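Input: a single structure, listed below in structure tokens.
Predicted model only: the values in this text are computed from it and were never measured. Below, read A as the first sequence line, B as the second, and so on, with proteins coming before strands; counting in each chain starts at 1.
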There are 2 protein chains.
Amino acid sequence: MEIGIIGSGAIGLLFGFHLSENHSVRLYTRRKEQAEALNRDGIVLKNLTGDNRQRKISADTSDNYQEEFLIVAVKQYQLKEIAASLKGCRERKKLLFLQNGMDHLSILKELSQQHDCYAGVVEHGARKESENTVKHTGMGKTNLGSFGTGAAEELALQLDSPAFPFQWKENCRVMLAEKLLINTCINPLTALLGIKNGELISNSQYNLMMRSVFEEAFAILKLTDKEKSWDKVQEICAKTHHNVSSMLADIQSGRVTEIDAILGYLIKLSPFPETNAPIIVFLYRSIKGKETS
Amino acid sequence: MEIGIIGSGAIGLLFGFHLSENHSVRLYTRRKEQAEALNRDGIVLKNLTGDNRQRKISADTSDNYQEEFLIVAVKQYQLKEIAASLKGCRERKKLLFLQNGMDHLSILKELSQQHDCYAGVVEHGARKESENTVKHTGMGKTNLGSFGTGAAEELALQLDSPAFPFQWKENCRVMLAEKLLINTCINPLTALLGIKNGELISNSQYNLMMRSVFEEAFAILKLTDKEKSWDKVQEICAKTHHNVSSMLADIQSGRVTEIDAILGYLIKLSPFPETNAPIIVFLYRSIKGKETS
């Protein structure tokens, strides 16, 4: 299959490397220097065992997207611009969006009149180390669901490989909501308390705090099977117990966090957040306060 | 007047020094070494301008309280033991209690059948520097109210002096509740966020967080004139903007905090804390978690 990947951060490079094993991949990047480096040296993947592997790839700085299948791997706040270009594509394309949170669903809804839209939840860990080098810091899979009428199962099968698995999910909205719930429980609390993920289960008081956040978020997201979801949150904390969450890393480095895409979205979704989600509002303010402190 | 002071921490020493200007003062301490140092060298007061002054005083390790007027300046958690000794005093004494919070009111209620009980709110800043040395870090006054039928106005007049003022308050319970409200708003938040008092007003997000805590606490304490109380809280933050709160200092030094006497008391007072005071419960857990982290 011919695949275009829009965005060349850690996730764009990771997908570019792995999908180019079985497909013809073109990377759309905004900066000329990066396109030149990629066309010259390909993508270098560093994996956990210390091996470096290199693959040829083509890169482009245009927004003249030719491929029938496009993966959108830019940050939430760059999506509006990309969406405008995608509206310019007259052909019915397959579009896979990999953003965190659920705030981009309104954009998918609009685009799905014209294209087949899919959303993905990436469980891999990756860190960009240079223009064309990405480190694969945690092996996982990519969950993939259809937002409209597209055939997610077929697409997942086409992309799946032993080295880079894809899994089809029937309900795209539930898949994104479950990921958002996990981010909601782990990221803001670790950033506020200055702790690694594991302390949210090893410290009983912090665990009670996480449960309160969970209860409010679960009610807003209208998910089912509460205790199964709670077990999943606890399981992720245990699995990643030595990890510094991305939000804590952002706070420690003085960067803007993803708090608006996570708690900000839940607050927007709740009709009376001060009454129905007081702890989420309180927690949201603590992170916004830390961003400016 | 003959005055006995039970407890020889910073507040006991500060009161001992100042009241011995016009009264005969005896300090009741638990440790022999401290009693010996005090009997030998008196109390040394360091004030803000760097002056050191010294006053002779007598000290005692017994609990054979002879004076008609006793000031109880021990920590909340040492009160039970002292109360048992005070019940052994058959004479009707005047007892002034200087503890933070309101959790000790049940003890005062019991003792007031036998003695005249008063409660005080100390606005001075003081730090103990050695067995017999106290530094007066912030000049304030002592507010004093009667818990039962005692004449607080008369007592305040007897103790008052230009160098160490006392002010009479008509409603003892309101006086303590107002102080508790201020402690509730400032101490746990500064300890959780790791900030100085002033950031609770200079950072608009933190200020919104403090307002949420204030709203819950105000409702539990059943005080009147909400906006006047809020102005007072803000005023104290401004006045002490460079200060590290005692609770933040306790957390930073790995000591147990006064969280149980402050938020713990409010939670006990609230019939359905998880519903009516969710933020106070959340904040309480964060500090308990930090104590064990």
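- Residue-environment remark: CD (A:Glu110) stays at or below the threshold of 12 foreign heavy atoms within 6.0 Å.
- Atom NZ of B:Lys226 has more than 12 heavy atoms from other residues, nucleotides or ligands within 6.0 Å.
- Dense packing is recorded around CZ of A:Arg255, with more than 12 heavy atoms of other residues, nucleotides or ligands lying under 6.0 Å away.
- Shown here is A:Glu81, whose CD atom has no more than 12 heavy atoms of other residues, nucleotides or ligands within 6.0 Å.
- Contacts from residues 183-213 of chain A to chain B, taken as heavy-atom pairs separated by less than 4.5 Å, involve A:Leu189, A:Leu192, A:Leu193, A:Glu199, A:Asn203, A:Gln205, A:Tyr206, A:Leu208, A:Met209, A:Ser212, A:Val213 in sequence order.
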